[in-house]
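Residue numbers begin at 1 in each chain, while the letters A, B, ... track the order of the sequences.
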Protein chains: 2
Amino acid sequence: MRPVFKIWLENNGKVFGEGPLEILQKVEKMGSLRSAAAQMGMSYNKAWRLIAALEERLGYHILEKRVGGASGGGSKVTSNAQQLMKRYSDFKEEAAIMLEKLYYKHFEDFEGD
Amino acid sequence: MRPVFKIWLENNGKVFGEGPLEILQKVEKMGSLRSAAAQMGMSYNKAWRLIAALEERLGYHILEKRVGGASGGGSKVTSNAQQLMKRYSDFKEEAAIMLEKLYYKHFEDFEGD
DNA sequence: TGCCGTTATACTATTTATAGTATATTGCTA
DNA sequence: TAGCAATATACTATAAATAGTATAACGGCA
């Protein structure tokens, strides 16, 4: 038996979590939402809707988007979103460690399994 | 913006969490799964399937069930399950406090919202 | 033995989430 | 100005989760 957890941020509905973090990391690396989605095996359509929903709930943009041009365009993570990524990521990492410890504290002598 | 989290236990799939805890608490109070479900506004069918799935994954019974008889029957939480309830409940409560603190540590000076 | 309220379980329906397909638009470049 | 690769968005299709309905079986008791 093992503990599993999910942590996310809410504002008017879910605003940031594991999924968005991963997408944004890929966008930083690839330079476009389309190729980021492709690399994750996710359809561009899904990725786009996910980002759109987040931006609406957050009330500010997490991607600077350019349409057209030499390369067709591309997307860049805003500095606001970069901060959010770092904070959420650190927060989650620490949480994982604490929860693991807490689990052992409460369950190490449990005989139910 | 605020942090939201879910914690549960897994064995071969989800084995215990917030929902099961609440049902079992109600069963203890009411004496039957049917009336526990009713009180939660949940169909008996759903409650029954939930319990059945849990028992299969845990490998032991969490309810002692009596069918028929004067009162029609009833269910009682096994002592194994009682332990599980207490430990999970304490674990989750502490986790909530720790995560709240951790959130403020990482986000108190965040200007993104 | 007939009634009652419970557990047990199959089967169907509905809703929700997720995924895919198609098409328009943009703006640099050859 | 034609082509390219990206964003933008509507519309449809599919899958998965969730909920509901119906029915059988049980066993005390009047």
Side-chain angles (χ1 to χ4, degrees), chain A residues 4 6 8 10 12-20 22-58 60-78 81, chain B residues 4 6 8 10 12-20 22-58 60-78 81:
Chain A
V4 182
K6 280 188 189 297
W8 63 93
E10 291 203 356
N12 309 306
K14 197 173 288 189
V15 134
F16 205 79
E18 198 58 28
E22 194 182 345
I23 282 203
L24 293 188
Q25 286 170 339
K26 292 271 195 313
V27 171
E28 283 186 330
K29 197 169 66 178
M30 309 296 290
S32 83
L33 181 55
R34 171 161 243 111
S35 47
Q39 212 194 28
M40 293 176 62
M42 176 187 288
S43 73
Y44 167 73
N45 177 281
K46 181 178 175 182
W48 181 85
R49 276 175 297 154
L50 191 146
I51 297 290
L54 257 54
E55 289 187 330
E56 186 183 339
R57 289 175 193 147
L58 279 170
Y60 54 83
H61 286 161
I62 57 183
L63 288 184
E64 279 172 30
K65 300 150 196 169
R66 291 170 296 105
V67 183
S71 62
S75 291
K76 210 181 127 189
V77 179
T78 65
Chain B
V4 181
K6 281 188 189 296
W8 63 94
E10 291 202 358
N12 308 307
K14 197 173 288 189
V15 133
F16 206 79
E18 199 59 27
E22 194 183 345
I23 282 204
L24 293 188
Q25 286 170 337
K26 292 271 194 313
V27 170
E28 282 186 330
K29 196 169 66 177
M30 310 295 292
S32 84
L33 182 56
R34 178 170 291 274
S35 46
Q39 212 195 28
M40 294 176 61
M42 176 187 288
S43 73
Y44 167 73
N45 177 282
K46 181 178 174 183
W48 182 85
R49 275 174 298 155
L50 191 145
I51 297 290
L54 258 53
E55 289 187 330
E56 186 183 339
R57 288 174 194 149
L58 279 170
Y60 54 82
H61 286 162
I62 57 182
L63 288 183
E64 280 171 29
K65 300 150 196 167
R66 290 170 297 103
V67 182
S71 64
S75 290
K76 210 181 126 189
V77 178
T78 65

Using atom names, set out every protein N or O paired with an N or O of nucleotides 28-30 of chain C below 3.5 Å, distance rounded to 0.1 Å.
unit_1: C:dC28; atom_1: O4'; unit_2: A:A70; atom_2: N; d: 3.4

Rounding to a whole Å, what distance do you find between [X]:[atom1] and [N]:[atom2]?
X: B:R34; N: D:dA25; atom1: CZ; atom2: C1'; answer: 13 Å
X: B:E64; N: D:dC26; atom1: CD; atom2: C1'; answer: 17 Å
X: B:L33; N: D:dC26; atom1: CG; atom2: P; answer: 19 Å
X: A:K65; N: C:dG27; atom1: NZ; atom2: P; answer: 15 Å

Got a second to check how far B:I23's CD1 is from B:L54's CG, nearest 0.5 Å?
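The CG atom of B:L54 is 9.0 Å from CD1 of B:I23, to the nearest 0.5 Å.
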Output the distance between atom CD (A:E64) and atom OG (A:S75), rounded to the nearest 0.5 Å.
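Here the rounded value is 9.5 Å.
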How do B:S75 and A:V67 order along DNA chain C: which one's closest nucleotide is nearer the 5' end?
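The residue whose closest nucleotide sits nearer the 5' end is B:S75.
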Using a 4.0 Å heavy-atom cut-off across all strands, classify A:G73 as base, sugar-phosphate, or nothing.
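A:G73: backbone/sugar contact only, no base atoms under 4.0 Å.
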Judged by atom type as modelled, is there a donor-acceptor pair below 3.5 Å linking the side chain of A:R57 to the main-chain atoms of A:E10?
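No, A:R57 side chain to A:E10 backbone: no donor-acceptor pair under 3.5 Å.
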Can you tell me which residue pairs pass the side-chain hydrogen bond (donor to acceptor under 3.5 Å, both in side chains) test with a partner in residues 22-34 of chain B, sequence neighbours excluded?
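Qualifying pairs, neighbours excluded: B:S32-B:S35.
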Could you name each residue pair satisfying side-chain hydrogen bond (donor to acceptor under 3.5 Å, both in side chains) that touches residues 45-55 of chain A, not counting sequence neighbours?
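Qualifying pairs: A:N45-A:R49, A:E55-A:K65.
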Pairing residues for B:E18 by the salt bridge (charged side-chain N to carboxylate O under 4.0 Å, His left out) criterion, not counting sequence neighbours
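Residues passing salt bridge (charged side-chain N to carboxylate O under 4.0 Å, His left out) with B:E18: B:K92.
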Tell me which residues in residues 35-51 of chain B put a heavy atom below 4.0 Å from DNA chain C, sorted by number, or none.
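Those residues whose heavy atoms fall under 4.0 Å from DNA chain C, taken from residues 35-51 of chain B in numerical order, are B:Y44, B:N45, B:W48.
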Using every non-hydrogen atom in the two residues, find where A:A47 and A:L33 come nearest and quote the distance to one decimal.
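Taking every non-hydrogen atom into account, CB-CD1, 4.0 Å.
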If you take all heavy atoms of A:F16 and A:W8, which pair is closest and at what distance?
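Looking at all heavy atoms of both residues, the shortest contact is O-CB, 3.2 Å.
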Short N/O separations, protein against nucleotides 12-15 of chain C, under 3.5 angstrom:
none

Any heavy-atom pair between the side chains of B:V77 and B:L63 that's under 4.5 Å?
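Result yes, sub-4.5 Å side-chain heavy-atom pair found.
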